[in-house]
Amino acid sequence: MGYVLGAVVGVACGVACIVAVGGAAGVAAGLVVAALLYVGIGTLLKPERRLGGVAASMLPNGEAAADRVAAARALQAELEKRRSQVRDAEVLRQVDELLHDIGALIACVEEQPGTYRRLAHFLSTYAEQCTRMLDGYLSVEKLGTRKMRADAREDALEALGALQGAAQGELARATGAKAAELEASSEAIKRLMEMDGYVPDARDAEPKEARAAAPSAEAEGSPAPFGGVGDTEEGR
């Protein structure tokens with residue numbers, strides 16, 4: 001929408017410049033003004049890409065991460081086109097799982113833009129393989145003999161499983177750094193606590209039912225309530 005408005009304003013101002021200046025100089029000036037307004041207004045009104053609710057331009061590596069997310073969504077769209085042509089139920093299911101795994105990798109980058117390199121590696125290594133493999137399978141599924149279709153089905157399932165493993169592996173590497181960071185933070189907190197002479201909270205060390213059933217030391221040393229043993233004739 002921004003570039004459409006830029007084109008309209010650019011043409012109008014370009015024509016005005018040509019009329020005002022006149023001659024070859026006016027034409028040249030009008031073309032320059034139109035081009036500048038088209039690019040400038042289009043850029044200014046272009047919607048800001050966002051990652052995790054934050055403008056990509058405000059994040060370190062945000063623009064690079066947004067580029068990879070856009071490329072991954074384009075790959076998903078290409079896979080969706082081919083998915084609609086697949087007839088075999090199992091191949092269709094595996095394509096859906098691959099789409100899910102790519103979506104999980106996209107979500108990871110949107111939440112943690114610093115992990116975009118994992119998505120970038122998957123795209124540069126496997127994106128073309130995804131579409132090329134499905135194109136080959138669809139050709140055989142439509143035109144091949146029964147034996148060719150059976151062989152193509154097995155090859156496609158094997159390839160889709162490998163692609164899913166690659167996407168899951170990239171996701172594991174992307175989140176592994178956070179897991180390691182969490183573990184390091186936990187160890188640091190425990191060491192600080194021990195230096196201060198404290199002990200971990202023991203309230204969750206046993207089930208709540210067991211804690212409720214076990215009498216406290218104070219209760220064991222207190223007098224029996226009314227109606228208890230201490231209030232009987234033998235207790236007196």
Side-chain angles (χ1 to χ4, degrees), residues 1-4 7 42-43 45-57 59 61-179:
M1 184 64 183
Y3 286 106
V4 174
T43 302
L45 297 182
K46 183 180 179 181
E48 178 72 80
R49 295 183 296 182
R50 308 183 76 82
L51 294 170
V54 181
S57 59
L59 298 169
N61 300 315
E63 292 293 345
D67 288 341
R68 301 310 185 280
V69 168
R73 293 199 185 283
L75 173 60
Q76 283 187 311
E78 290 297 323
L79 294 177
E80 288 283 1
K81 291 179 185 178
R82 291 158 176 80
R83 176 194 179 281
S84 63
Q85 304 174 48
V86 174
R87 300 173 184 173
D88 185 86
E90 182 60 21
V91 174
L92 186 63
R93 187 177 71 84
Q94 293 299 323
V95 172
D96 286 339
E97 290 189 5
L98 176 59
L99 286 166
H100 176 272
D101 291 336
I102 294 174
L105 193 52
I106 291 174
C108 177
V109 175
E110 288 180 326
E111 185 67 25
Q112 303 175 30
T115 63
Y116 79 95
R117 290 181 179 83
R118 303 318 325 166
L119 178 57
H121 181 263
F122 178 83
L123 292 172
S124 63
T125 307
Y126 301 103
E128 185 177 355
Q129 300 296 329
C130 291
T131 54
R132 183 186 299 175
M133 180 274 298
L134 281 177
D135 285 340
Y137 170 75
L138 288 172
S139 296
V140 177
E141 188 182 56
K142 292 177 182 177
L143 305 173
T145 63
R146 179 179 299 180
K147 176 67 166 60
M148 292 174 64
R149 290 197 300 269
D151 292 343
R153 178 181 185 275
E154 294 303 316
D155 290 340
L157 291 176
E158 183 177 349
L160 287 167
L163 290 168
Q164 292 165 22
Q168 293 166 12
E170 297 292 356
L171 180 61
R173 288 187 177 183
T175 56
K178 284 295 180 182

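- Of all heavy-atom pairs spanning Leu105 and Ala167, the tightest one is CD2-O, 4.4 Å.
- Judged by distance alone, the side chain of Glu78 and the main-chain N or O of Thr131 form no donor-acceptor pair under 3.5 Å.
- We find the CG-CG distance between Asp96 and Asp101 to be 11.0 Å, quoted to the nearest 0.5 Å.
- In this structure, Ala71 and Leu123 approach most closely via the heavy-atom pair CB-CD1, 3.8 Å.
- Partners of His100 according to the side chain to side chain contact (heavy atoms under 4.5 Å, CB included) rule, which considers only residues two or more places apart in sequence or in another chain, do not exist here.
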message: Between Leu79 and Leu134, is the side-chain contact (heavy atoms from CB on, under 4.5 Å) condition met? List the steps.
response: CA-CA 8 Å; Leu79 294 177; Leu134 281 177; 3.6 Å; yes

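- Annotation: side-chain hydrogen bond (donor to acceptor under 3.5 Å, both in side chains) contacts of Arg132 (sequence neighbours excluded): Glu128.
- To the nearest 0.5 Å, the span separating CZ on Phe122 from CD1 on Ile102 amounts to 4.5 Å.
- The side-chain hydrogen bond (donor to acceptor under 3.5 Å, both in side chains) search around Arg149 returns none, not counting sequence neighbours.
- Salt bridge annotation for Arg173-Glu170: absent, with no cationic side-chain nitrogen under 4.0 angstrom from a carboxylate oxygen.
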Between side-chain atoms of residues 154-166 and protein atoms elsewhere (two or more places apart, or another chain), which donor-acceptor pairs fall under 3.5 Å?
unit_1	atom_1	unit_2	atom_2	d
Gln164	NE2	Gln94	O	2.9
Gln164	NE2	Gln94	OE1	2.8

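- Under the 4.5 Å side-chain criterion, counting only non-hydrogen atoms from C-beta, Arg68 is not in contact with Arg117.
- Of the residues Arg93, Arg83, Arg153, the one that meets the salt bridge (charged side-chain N to carboxylate O under 4.0 Å, His left out) test with Asp88 is Arg153.
- For Thr145, the side chain to side chain contact (heavy atoms under 4.5 Å, CB included) criterion is met by Lys147, Met148, not counting sequence neighbours.
- Under the 4.5 Å side-chain criterion, counting only non-hydrogen atoms from C-beta, Tyr137 is in contact with Val86.
- Residues Leu98 and Cys130 share a closest heavy-atom pair of CD2-SG, 4.2 Å.
- In this structure, the separation between OG1 on Thr175 and CZ on Arg118 is 11.0 Å, given to the nearest 0.5 Å.
- Minimum heavy-atom separation, Ala174 to Cys108: CB-SG, 3.8 Å.
- By the side chain to side chain contact (heavy atoms under 4.5 Å, CB included) test, Arg73 is found to be paired with Val69, Gln76, Ile106, Glu110, residues two or more places apart in sequence or in another chain being considered.
- Between Lys142 and Gln85 there is a side-chain heavy-atom pair separated by less than 4.5 Å.
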